[in-house]
Amino acid sequence: MVKSDQLYQLFKERAEAISAQVCRAATLADAQRQIAHIIDDLKAQKVVAARSRLVELMNLKQFSAEFDNLRQNAADADLGISEFDLALAQTGTLAQDATNVDARLVSMLPPAHLALIYTRRLVPGMAEALEVLRQKTGEVPAYLAFVSGPSRTADIERVLTIGVHGPGKLFILFIDEGGEPIG
Amino acid sequence: MGKILKQNVRQALDNDNLRTALGNFGEDYPRARQAAYANIDFEALRSIISATKGGAAEDMERLASEFTRVAEARGATVYRASTAQEAKKYILDLAQKKGVKTVVKSKSMATEEIHLNSYLEENGLDVAETDLGEWILQLSGDRPSHMVMPAIHMTRRQVADIFSAETEQRVEPDIPAMVKIARERLRKKFLSAEMGITGANIAVAETGTLVLVTNEGNARLTSTLPPLHVAVVGLEKLVPKFSDIEPILKALPKSATGQAITSYVTMITGPAPVITAEGDLTQKELHIVLLDSGRTQLRDDPVFKQALQCIRCASCLNVCPVFQLVGGHVYGYVYTGGIGTILTAFLNGFEKSQEIQSLCLGCGRCKTVCPGQIDIPRLILELRKRVIKDKGMSFANKLIFENILPNRPLFHKLLRTAAAVQKPFTGGKPMVRHLPLHLAGLTEGRSLPALADVPLRDRLAKQTDDHKQKHKQKKKVPQVGLFGGCLAEFAYPEIGVAVRDVITHLGMELVYPLEQGCCGYPAYSSGAASGAQQAARHNIEAFEKSGVDYIITPCPTCTWALMRGYPLWLKNDSEWKGRAEKMAARVSDFSAFVYQHSNEGKSLQLREGQGPVVTYHDSCHLKNKLGISKEPRALLTAAGVQLKEMPGSDRCCGFGGSYSIKYPELSGPILNRKLDSALSVQPDVVAVDCPGCLLQISGGLDQRNAPVKVEHTAQILARSLAINKGQK
């Protein structure tokens, strides 16, 4: 777990520097508790999520999360939740095979996003990530999304503003229990 | 400079908002860039990028075919557009066939270049730019002034007024609130648009992948919500392998905005599923328009081909002293700044670049930061050469560059005559503050030096090759040939004398070949190729005759001319090419030479202790073109001065040769900034290694009545020697 810890620390440092909020759960149960906490803090009334194995394990129905009609539902939700495939430590970046349109809708339309990622899926940087994403499916997925922090702009007077077309808040929850190791 | 350009420049200079925005950015950007590249070997990275993109440019046709085949196998439709018109027509036809009414666009320089928006709008489509800066410009009918920060020239108040008009409500100049308005308004467009148009930053032939980078998230929404996505991609975006993405992605955000990575990087390979506004899950339709429109022409040009290595980061704009003053609108067209001038020539028409290329003052800073390793200054000079070939030179320039400068006896006679009759203007003083009548512009912003009564060649009478011939002195020690340069010869001969004293102290003998004339750089930088070549041949012959072991000059522009210019200018001349290279191999700049031959200054045995406070100005040609900056500082420290660094020591002084005469309105503010920097550390002396910078800075200080001296490193060293000798 030592290398994972080093990578985690680097990731956390880099991601927080670009305004993401990073937390970690040792177990799946702990992860569920942290999710409840985040939803509570945000006072999120409506939550949408993209189906995946990890998302299933989080039992999001307890928060009345919506999984269908996402083009409508994500557009007026307060929080979107989806699973990401890789975490790139050097830049605090998350990578996702986002071919499934649901993942894209829930991670881009609501003003806040919670990204779930297994700690075992940490890699050093982009070079390694591109290799893994290629190997995994043999060909390149139709839509690969790399997300580093919330959306931002400095187009007006170069003053940095967080939250433009994508979410203004990005929560990243690392989960130690489970997940397929790289390599 | 044409009248319209002059007007635009004046307008930009008078625009306080623009000056402030650009000025602040000019200060922040180098810091942000340096922080982003900390712990990264930029030189190694850009070697990789330039090799990849350079190879791809050569291979453009094959890569385009491979990309087309692979992308289409993945379900995309790829269209090769030879011209801008073909691209626009294809997109319009597609939109009309599919009943598209509303289009959302994420930022794409390629679509700006072909004026896609206006074409679609003329044909009844509603086109919404979604990049915040671009949307603001669209609403106000303005044009982008920068490739990456298109609305940098606008204030929050101006944006508030624009948004107030758009929303028909009173909008306050509160930036977060205005961004929220943009989010809400554009969200509606994203959700209702039938077509999304993007560009692409990279196109991978091996996998048929398009890579898009944004911070706002608009490219993601543009490529996710509408059921039809069109990507307009210039052929130069093609790279061979998926793994080629990483080095480019590593450099682009760092060079563009000082970020490690943009908030979103999206890699699209073929169409992905989409949910329509009606709620149906279906396959998105993806059309990729590969745009030629001048790019194959660039590829076929052996000199300009390297411009295809551009990754559109805009760092050349960000470090350009002229761009920092006037911004992008002055450049008149879609692509701005140094690379913009070149791209405009090939992608939008040679005529459009003819005037704006004259704005480059040749400092070379852009070349030191370009991730594609493009020799932008050289390409601009090449453009200048072609402009002259096309339009011919003005009579005055022709006279100067082809008849006077290359004719040494005539040139020198003219200067000696001028020196003899200058008293009414100089009043016997070393500087001229005001020239009369139509010459008044020459002393705008800075005084000019009086011409020396006794030029350098007369002061070095005992060192000339003529004299040594006559006295048949045996050569016991290394012979160092001095190339004085015009300014040292006729305005600052004391520099040449100081050089002699330092070289003698090193145990070598100085030789001054009398036949030497102007180095040829002024002709070269004005695009007068034959004048430059004439000067080269003339000086090569002069120094061959003198039989010296080394050749040094106290002027980095001359150093560059002799060392790099002559082999370049004569590379197609079979008789002279080898001779130019032989001479070039013996050439060094004065400070680098002394540094090398004195154990980095340590064996100079100069005095120690409290000398004057000296601040060093890095001449553009010395640092940017020759990579020399630590050597003069080591020598000055050895000379016992108190070295104090000024902020922006390597920012241009604004001289640029004849630039300060042609464009005093640009040269002046650049100089003022330098003077403010230098004076801020309260020096006794400003040290320089370039007589041109010396002229510019001392002239400026004179008009400010500042009691600060400007001296060449050679003079400071020579004085230390004299003091030393005196003390012995």
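Naming: A, B, ... by sequence-line order, numbering from 1 per chain.
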Which portion of S223(B) sits near chain A, non-hydrogen atoms under 4.5 angstrom: both

Under 4.5 Å from a heavy atom of chain A, the part of R187(B) involved: side chain

Distance (rounded to the nearest 0.5 Å) between I39(A) CD1 and F63(A) CZ: 4.5 Å

Chain A interface, residue from R156(B), M154(B), H153(B) that has the most non-hydrogen pairs under 4.5 Å: R156(B)

Region of P150(A) in contact with chain B, defined by heavy-atom distances below 4.5 Å: backbone

Residue I156(A) versus chain B: region with a heavy atom under 4.5 Å: both

Portion of E206(B) that has a non-hydrogen atom of chain A nearer than 4.5 angstrom: side chain

Pair R220(B)-T266(B), side-chain donor/acceptor within less than 3.5 Å: no

Minimum-distance pair of heavy atoms, taken over all atoms of H146(B) and A314(B): CE1-CB, 3.7 Å

Top of G217(B), S263(B), A272(B) for chain A proximity - count of heavy-atom pairs under 4.5 angstrom: S263(B)

Test item: side-chain donor near acceptor, N218(B) and S106(B), under 3.5 Å: no

Q259(B) portion near chain A, given a 4.5 angstrom heavy-atom threshold: side chain

Under 4.5 Å from a heavy atom of chain B, the part of T161(A) involved: side chain

Nearest atoms (heavy-atom pairs only) where D68(A) meets N73(A): O-ND2, 2.8 Å

A182(B) versus chain A, the contacting section by heavy-atom distance below 4.5 Å: backbone

Part of L249(B) lying under 4.5 Å from any heavy atom of chain A: side chain

Atom group of V274(B) that falls short of 4.5 Å from chain A, counting heavy atoms: backbone

Best-contacting candidate, P150(B), A260(B), G75(B), A277(B), against chain A by heavy atom pairs under 4.5 angstrom: A277(B)

Between R74(B), E246(B), E216(B), K284(B), the one whose heavy-atom pairs under 4.5 Å with chain A are most numerous: E216(B)

Expected output: side-chain D78(A) to main-chain Q45(A) donor-acceptor under 3.5 Å: yes

Greatest number of heavy atom pairs closer than 4.5 Å to chain B - which of M126(A), Q72(A), Q90(A), R71(A): R71(A)

Gap separating the CD atom of E177(A) from the CZ atom of R120(A), nearest 0.5 angstrom: 9.0 Å

Mutual orientation of the aromatic rings belonging to F163(B) and W135(B) [parallel < 30°, tilted 30-60°, perpendicular > 60°]: tilted

Least distance between heavy atoms, N318(B) atom then S255(B) atom: ND2-O, 4.0 Å

T262(B) versus chain A, the contacting section by heavy-atom distance below 4.5 Å: backbone

Proximal component of V148(B), with respect to chain A [non-hydrogen, under 4.5 Å]: backbone

Side-chain donor-acceptor pair present, S82(A), H113(A), cut-off under 3.5 Å: yes

Cation-pi check, R104(A) onto Y143(A) ring (under 6.0 Å, within 45° of axis): yes

Largest heavy-atom contact set with chain B, pairs under 4.5 Å, which of A75(A), A142(A), A129(A), A20(A): A142(A)

Nearest-0.5 Å distance that lies between atom OG in S243(B) and atom CZ in R134(A): 8.0 Å

Q158(B) side, atom CD; I162(B) side, atom CD1 - distance, nearest 0.5 Å: 6.5 Å

Side chain, backbone, both or neither of T99(A) within contact of chain B (heavy atoms, under 4.5 Å): both

Region of L281(B) that comes under 4.5 Å of a non-hydrogen atom in chain A: side chain

Heavy-atom pair count under 4.5 Å with chain B, highest-scoring of I162(A), L109(A), V101(A), D102(A): L109(A)

Heavy-atom proximity to chain A below 4.5 Å, by part of L225(B): both

Under 4.5 Å from any heavy atom of chain A - which part of T209(B): side chain

Segment of N17(B) engaging chain A (4.5 angstrom heavy-atom cut-off): neither

Interatomic distance, L57(A) atom CG to I175(A) atom CD1 [nearest 0.5 angstrom]: 8.5 Å

Greatest number of heavy atom pairs closer than 4.5 Å to chain A - which of T276(B), V204(B), L286(B): T276(B)

Worked check of side chain to side chain contact (heavy atoms under 4.5 Å, CB included) between E129(B) and I136(B): CA-CA 9 Å; E129(B) 287 288 349; I136(B) 292 169; over 6 Å; no

Residue P271(B) versus chain A: region with a heavy atom under 4.5 Å: backbone

